[in-house]
Structures are given as structure tokens and as C-alpha cells.
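What follows is a single structure, written as C-alpha cells, with notes after it.
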Amino acid sequence: MQISADLHVHTTASDGDLRPGEIVSRAASIGLDAVAITDHDTLSGIPEAISAGKKRGLHTIAGIEISAIFNPGTMHILGYFKTCPNGLEKDLDSVQEARRKRFPQIIEKLNALGFTITTDDVAVIAGDAQIGRPHIAKALINKGYVRNFETAFSHYLAKGKPAYVDKEKLTANDALSLILDYGGLPVLAHPFTLELEAYELKLLVEELKNGGLMGMEIHYPEHSKAQKKLYTSIAGDLDLFATGGTDYHGPGRSAVNIGDSGIDKRSLDIMLDNFNQR
Ligand code: AMP
Ligand code: ZN
Ligand code: FE
Ligand code: FE
């Protein structure tokens with residue numbers, strides 16, 4: 001498959017390592033037709049990305065990734081917008097505040113586990129970004145407590161591990177409505193992280209569709225062939241468009257590079273067509 005668009009990329013506005021402008025440059029230089037910036041709970045990277053996209057002649061899509069309440073797995077909802085949705089950032093106040101509230105609680109747990117790490121150590125790394133566990137992982141790596149991100153998560157930070165703290169999240173329906181209210185297209189991100197059996201997933205996606213879900217992220221580095229086949233069939237049955245992307249967070253985070261995963265031109269056109277129908 002010739003990949004035309006990578007619709008899932010993080011920047012320094014959340015937990016990515018590259019600035020929005022650098023992401024767009026890289027996406028343009030590998031010849032993509034489109035890239036979507038989908039930072040966690042913020043649109044603050046979008047203006048820089050869009051202006052870089054204009055300079056480089058790359059279709060740059062304003063996006064977001066919102067965490068929703070779900071157990072025992074993890075649910076993320078992506079939203080894509082025709083233009084940067086002014087006003088949405090204000091409505092994200094509560095989820096941004098939840099991130100600020102959670103991170104000192106994680107630090108406390110790490111301290112209790114014997115690590116010498118302060119909120120300042122992490123704040124310096126995060127800067128203005130929406131703070132997330134990867135910033136904490138980075139501090140642990142810098143201090144020599146863990147070798148890499150994978151170890152930081154699998155030993156301490158991942159859901160169910162000793163330094164995990166849940167943050168207040170929106171319900172799935174509220175996340176969908178928020179995206180829809182601003183004219184966006186809501187898409188279920190990386191369905192494998194829901195950790196559901198096929199029949200449970202189908203039921204859940206049906207519910208989400210009733211709440212306004214329009215698409216499903218099918219092409220994703222960690223999805224197996226069998227998973228892609230299952231998700232394609234569910235999306236087909238429920239008339240959801242297919243998206244895909246890498247969830248790129250920067251060089252050195254994993255072996256995956258921008259554009260390694262995504263959708264072809266035909267799927268991109270189908271997705272973009274939805275903007276015109278809204
Ligand atoms: P947070 O926004 O604080 O919930 O952190 C979520 C982010 O942590 C994800 O978007 C990934 O960037 C990263 N992450 C989650 N699980 C892992 C993992 N097992 N290994 C490495 N990074 C992870
Ligand atoms: Zn992330
Ligand atoms: Fe995600
Ligand atoms: Fe992501």
C-alpha cells in the first residue's frame with residue numbers, strides 16, 4: 001500500500017519530541033500528501049503546524065487525541081477538524097487540569113518506591129507541553145533509574161503498575177460530543193488498547209457510533225494483520241471510515257518513523273469527504 005497520509009502524530013505540544021514545524025517538514029520531505037497533528041488534549045501545536053504546512057505545500061490537518069473513561073483497557077478518541085476549531089482549547093481546561101493534578105501524585109508514588117525525583121525535574125522536561133507520563137519516563141531515564149521508555153512504563157508507569165495514577169477523563173460520549181460540537185470527525189484510536197474480544201469490541205463500537213463516532217483507526221504499527229482485518233470488517237458493517245497513522249512521538253521512542261503507517265490516497269479522500277458533508 002502506498003501511504004499517502006499519517007493521521008496520528010504527536011509534537012512538543014504534548015509528549016512528542018519534535019516541534020510541530022519539524023513534524024510537518026519531515027512529513028513533507030518523505031512525500032506524504034497529508035499529516036494530522038493529534039496531540040493529547042491540546043490544539044496548541046496546530047497553528048505552527050498549519051503555517052509550516054502552507055510553506056511546504058503539505059495538507060496539514062488539525063487534530064486532537066482525547067482520553068476517555070474506560071476499563072480495564074485504554075480508550076483514546078481522535079478528532080479531526082477542517083480548520084483549527086477556535087474555542088475548543090477552552091473546553092479542554094478540565095482535562096488539562098486533570099493532567100496537572102495527576103503528575104505530582106505519580107511523583108509521590110515514585111518517591112515512595114525509593115526514587116529521588118521531584119515535580120520540578122519533570123516540569124523542566126515538559127515545559128509548556130500538556131504533561132504526560134512520557135515526560136516522567138524521560139526524567140527517570142535521565143536520572144539513570146531506567147534504561148528506556150518501555151522499561152519505565154512496563155515496570156512503573158503503565159496502567160496497573162505501582163506508580164500508575166488514573167486521571168479524571170471525559171466519558172466517551174462527552175469526548176465524541178465535544179469533537180462533534182466543533183465540527184470535527186471523531187475516530188476511535190488504536191482499538192487494540194481497549195483489550196476487548198471481537199464480539200465485545202463490536203458492541204462497544206456500535207455504542208460509540210450511536211454517540212457520533214465516524215471513523216476507526218485501522219492502520220497502526222501495533223495492529224496485527226488479523227486485528228486490521230477484524231477492525232476493517234467492524235468499520236465496514238457500521239459504516240465508519242478507516243484511518244491510520246503511526247502515533248509517532250519522535251526519533252528514538254520506537255523504530256517507527258512518520259509515514260510508516262497510515263492510509264492510502266483513496267482512504268484519505270473518503271475521510272476528507274466527510275468534512276464536506278458536515
Ligand atoms: P498519558 O498521556 O500520561 O496517559 O501518557 C500516555 C502516553 O504514554 C502515550 O501516548 C504514549 O506516548 C506513552 N505510553 C503509554 N504506554 C506506553 C508504553 N507501554 N511504552 C512507552 N510509552 C507508552
Ligand atoms: Zn503520547
Ligand atoms: Fe493514544
Ligand atoms: Fe497518540
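Counting starts at 1 for both ligands and their atoms, following the listed order.
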Does any N or O in the side chain of [X] come within less than 3.5 Å of the main-chain N or O of [Y], such that one atom is a donor and the other an acceptor?
{"X": "Lys109", "Y": "Tyr164", "value": "yes"}
{"X": "Thr193", "Y": "Thr74", "value": "yes"}
{"X": "Asp121", "Y": "Thr118", "value": "yes"}

(message) Looking at ligand 1, is there an atom of it that comes within less than 4.0 Å of some heavy atom belonging to Ala158?
(response) no

(request) Run the contact test for Arg102 against ligand 1 with a 4.0 Å cut-off on heavy atoms, strictly below, and give the result. (result) yes

Could you tell me which atoms of ligand 1, counted from 1 in the order shown, lie closer than 4.0 angstrom to a heavy atom of [X]?
{"X": "Arg99", "result": "1 (P), 2 (O), 3 (O)"}
{"X": "Gly132", "result": "3 (O)"}
{"X": "Lys167", "result": "4 (O)"}
{"X": "Pro134", "result": "5 (O), 7 (C), 8 (O), 12 (O), 13 (C)"}

(message) Surrounding CD of Gln277 (heavy atoms of other residues, nucleotides or ligands, distance under 6.0 Å), is the total greater than 12?
(response) yes

(message) Counting only heavy atoms not in Arg266 (residues, nucleotides, ligands), do more than 12 fall under 6.0 Å from its CZ?
(response) no

(request) State whether Phe149 and Arg253 meet the cation-pi test: NZ (Lys) or CZ (Arg) under 6.0 Å from the six-membered ring centroid, and within 45° of the perpendicular axis. (result) yes

(request) Report the part of His40 in contact with ligand 1, treating N, CA, C, O as backbone and CB onward as side chain, heavy atoms under 4.0 Å; options are side chain, backbone, both, neither. (result) side chain

(message) Heavy-atom pairs closer than 4.0 Å: do any link ligand 1 to the side chain of Leu157, the backbone, both, or neither?
(response) neither

(request) Examine His249 and say whether one of its N/O/S atoms is closer to the Fe ion (ligand 4) than 2.8 Å. (result) no

(message) With respect to the Fe ion (ligand 4), please indicate if His8 possesses an N, O or S atom at a distance under 2.8 Å.
(response) yes

N or O pair under 3.5 Å between [X] and ligand 1:
{"X": "Glu150", "answer": "yes"}
{"X": "His76", "answer": "no"}
{"X": "His10", "answer": "no"}

(request) Mind listing the closest non-hydrogen atom pair of Asp15 and Pro134 along with its distance? (result) OD2-CG, 3.2 Å

(request) Could you tell me which non-hydrogen atom of Ile61 sits nearest to which non-hydrogen atom of Tyr80, and how far apart they are? (result) CG2-CD2, 4.0 Å

(request) Answer yes or no as to whether an N/O/S atom of Asp247 is found below 2.8 Å from the Fe ion (ligand 3). (result) no

(message) Is His76 close enough to the Fe ion (ligand 3) that one of its N, O or S atoms comes in under 2.8 Å?
(response) yes

Which residue and non-hydrogen atom of the protein lie closest to [atom], and at what distance in Å?
{"atom": "atom 13 (C) of ligand 1", "value": "Phe153 CZ, 3.5 Å"}
{"atom": "atom 7 (C) of ligand 1", "value": "Asp15 OD2, 3.5 Å"}
{"atom": "atom 12 (O) of ligand 1", "value": "His249 NE2, 2.9 Å"}
{"atom": "atom 4 (O) of ligand 1", "value": "Arg133 NH2, 2.9 Å"}

(request) Check Glu65 and report its N/O/S atom nearest to the Fe ion (ligand 4), by atom name. (result) OE1

(message) Could you check whether Lys167 pairs with Asp41 (Lys NZ or Arg NE/NH1/NH2 to Asp/Glu carboxylate O, under 4.0 Å)?
(response) no

(message) Check this for me, if you would: do Lys209 and Glu206 make a salt bridge, where the nitrogen-to-carboxylate-oxygen distance has to be below 4.0 angstrom?
(response) no

(request) Only one of His8, His190, His40 passes side-chain hydrogen bond (donor to acceptor under 3.5 Å, both in side chains) with His76; say which it is. (result) His190

(message) For a 4.5 angstrom cut-off between non-hydrogen side-chain atoms, does Met75 reach Leu188?
(response) yes

